[in-house]
Amino acid sequence: MSKLSMWSRMASGLAAALFAFGVQASVTKPVMPPPEPAKAPPPKMVDSKKCYSCHENVEEWHTNGRHASVNCAYCHTAEEHLKTAKGSNMGTRPGTSKDHRACATCHQQQYNDFVQINYESKARHEKADPKSVSPKFDKLIDGFGFSKEHAEPRSHAFMLVDQWVVDRSFGGRMQWKDWTYQSKAEMAANGAWNVVRDLDPSTSDQKRMMRQTVTAVNPVCMNCKTQDHILDWKYMGDPDPKAKWARTSSTVEFARAMSHPLNCYYCHDPHSTGPRVVRDALINAVVDRKLGTYPYDPVKSEQTKMTKVTFQRGGEDFRAIGMLSRSDSVVMCAQCHVEYTCGTGWDCSDPNNHTPVGMADRRTNLFQWASVFDYKSVAVDQYKFKDFKHTLTGAFLPKIQHPETEVFWGSKHERAGVECKDCHMPKQKAANGKTWTSHAQKSPRYRVKETCLTCHKDWSEKEALYQIDSIQAYIRGKVMKAEHQLSDFIDWINRAQWSGKVSEEILAKAYDLQYDANLYWEWWTAENSVGFHNPQDARESLTRSADASLEGINMLKKAMGVDVIAAKVGREKSTTPTPPTPNQLPPGPAGKGSAGTRAVDALGENAWKPFLPKK
């Protein structure tokens, strides 16, 4: 074969290959994204007057409210219900949407806010972390589930799923589908099971499935995170054949039926759009027990009145909501941001024989509705209840939740008329000039201009942050000191127990002082502003904690015959010191020579003598 013919054939083959490739390229269709799912058909409208014939209270709210033009079918699937309902017979129960997206058809901005993630609020940042607020938390709370994991809060979109995956709730049963799902805020808001999986869907018993976990959650706890069950939960969670769920329900089965965090209807009545609350224990405190919306301020309680509205089922009272006379975000936020009992504990009617309290007892769904300084008189003296037994000492103690509302009462901001929304949900303005209330609840430090500076107009943004940081730094220091003294007190209780020299009477008093020290300390680690909501009360409470611990330590030392070496801080008689010469430390107390450091001189030389090297 000649070279010419060889090159000719190669060229022909190449041309054919290129032609074939070109043909294939020309006929291969590009990969297209999957088609969008078909939109749901518009709801079939119903005659609202037929609904009103049974739901009389709803008629009044609906026809006089801003939702008067919104047909029932937008939130309820009621076609079959209307066909089958007769008199007191419900017939086919109508479906009710609990999804935020039902409201988002009109309230798009609020929805978009709610499903945002605030990247400044970290996931699973333990409060016991040395960089957080409570580095000795685990020892001080030893014996309670929170010692397994107690994280700082983050965006509300995660509030339900975060409670499930935490190591103290389901024993490790509930986990993220994978770690990347912990940042998918909108998916979590639209359905918890979009981001979480159950490791053992074939069983429903609460059990430990991972090391160093506990099963401490229950249905009452989840009332703070979701109200998907609102129509199937009797008032106070009391068991009832007509109620699908109760305080005593299977926790795993209850969780499997839940999906949406912080439903819109916690605070907004869907029929009238009026302000309301749905947490039964809050309604119980304000209305049933007649404590008012502001238990320490009768005037404000009159300004914000709560009316209990009871709904019947089968001709008997079943569930209730609390309609508010005006919008008050302090009261609405108090549905969750409050100290309350939400689990089992101990009846302390007999101080010498505490007995277990189970979920069948109404005390496991209780708002004390009192400040830190009155809490003990309500929880212990009135309700005879303590939360848990401390593993290291055996003392029965309180476990505080998140008392932002009680902390805020009486503060400078609360007295000035500031509400939660002013700092955490400020007004926003769109490009077209339309304003709305932000539903991306977050610390004011992340939008100082829209919050702090609306009142403190002479401040810069840097100065506002400086003020916040300074207050929190001071209170964090007081938390550390209270923790140090309480930790030392626990050690001394153990020494006293081991010594065999301390009477049961003295030990009982020590346990009572541990209760006080624990209460006055933990109130401020459970509360999530590091004292900013009320720095005056924070300081008073935390120093009471330290004093209770020190009182207990000195009492036990005396009972054990241990010499008490008291640091005479500031107790020496002051004299006018000789001005120091350059490069020389000032003299010690009473003109004595310095022991070698300014710290020694500042505290008093005698305080340091036990720790100085012997000559």
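The residues of the chain are indexed from 1 along the displayed sequence. Because the structure is a prediction, the values reported are computed rather than measured.
Between R173 and D198 there is a salt bridge, since at least one side-chain N of the basic residue sits less than 4.0 Å from a carboxylate O of the acidic one. Electrostatic pairing of R124 and E149 counts as a salt bridge here, judged by a charged N lying under 4.0 Å from a carboxylate O.
H229 and W233 have perpendicular rings, their planes meeting at more than 60° on a 0 to 90° scale where under 30° would count as parallel. Note on ring orientation: taking the six-membered ring where Trp is involved, the planes of F254 and W245 are perpendicular (angle over 60°, cut-offs 30° and 60°). Relative ring orientation between F137 and W521 is described as tilted, the plane-to-plane angle lying within the 30° to 60° band. Aromatic ring orientation, W523 versus Y375: perpendicular (interplanar angle above 60°, classes split at 30° and 60°). Taking the six-membered ring for Trp and thresholds of 30 and 60 degrees, H337 and H156 have ring planes inclined between 30 and 60 degrees apart.
The distance between the ring centers of W409 and Y296 falls below 6.0 angstrom. Between F114 and H100, the distance from one ring center to the other falls under 6.0 angstrom. Between Y383 and F385, the distance from one ring center to the other does not fall under 6.0 angstrom. Ring centers of Y340 and H402: under 6.0 Å apart, within the cut-off.
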Test R276 against D269 for salt bridge (Lys or Arg N to Asp or Glu O under 4.0 Å), laying out the working first. CA-CA 6 Å; R276 75 174 194 177; D269 183 74; 3.0 Å; yes
Test Y294 against D328 for side-chain hydrogen bond (donor to acceptor under 3.5 Å, both in side chains), laying out the working first. CA-CA 11 Å; Y294 287 85; D328 188 326; 2.9 Å; yes
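Judged purely by distance below 3.5 Å, without hydrogens or angles, the side chains of D200 and S202 pair a donor atom with an acceptor atom.
Formation of a donor-acceptor pair under 3.5 Å by the R363 side chain with backbone atoms of T341 is not found in this model. Side chain of S134 to backbone of K136: no donor-acceptor contact under 3.5 angstrom is found. Judged by distance alone, the side chain of N218 and the main-chain N or O of C342 form a donor-acceptor pair under 3.5 Å. When atom types are taken as modelled, the side chain of D297 and the backbone of K300 share a donor-acceptor pair closer than 3.5 angstrom.
Paired with S132 under the rule side-chain hydrogen bond (donor to acceptor under 3.5 Å, both in side chains), one option of E152, K127, H125 passes, and it is E152.
For K399 and F146, the positive end sits near the middle of the six-membered ring, less than 6.0 Å away and at most 45° from its axis.
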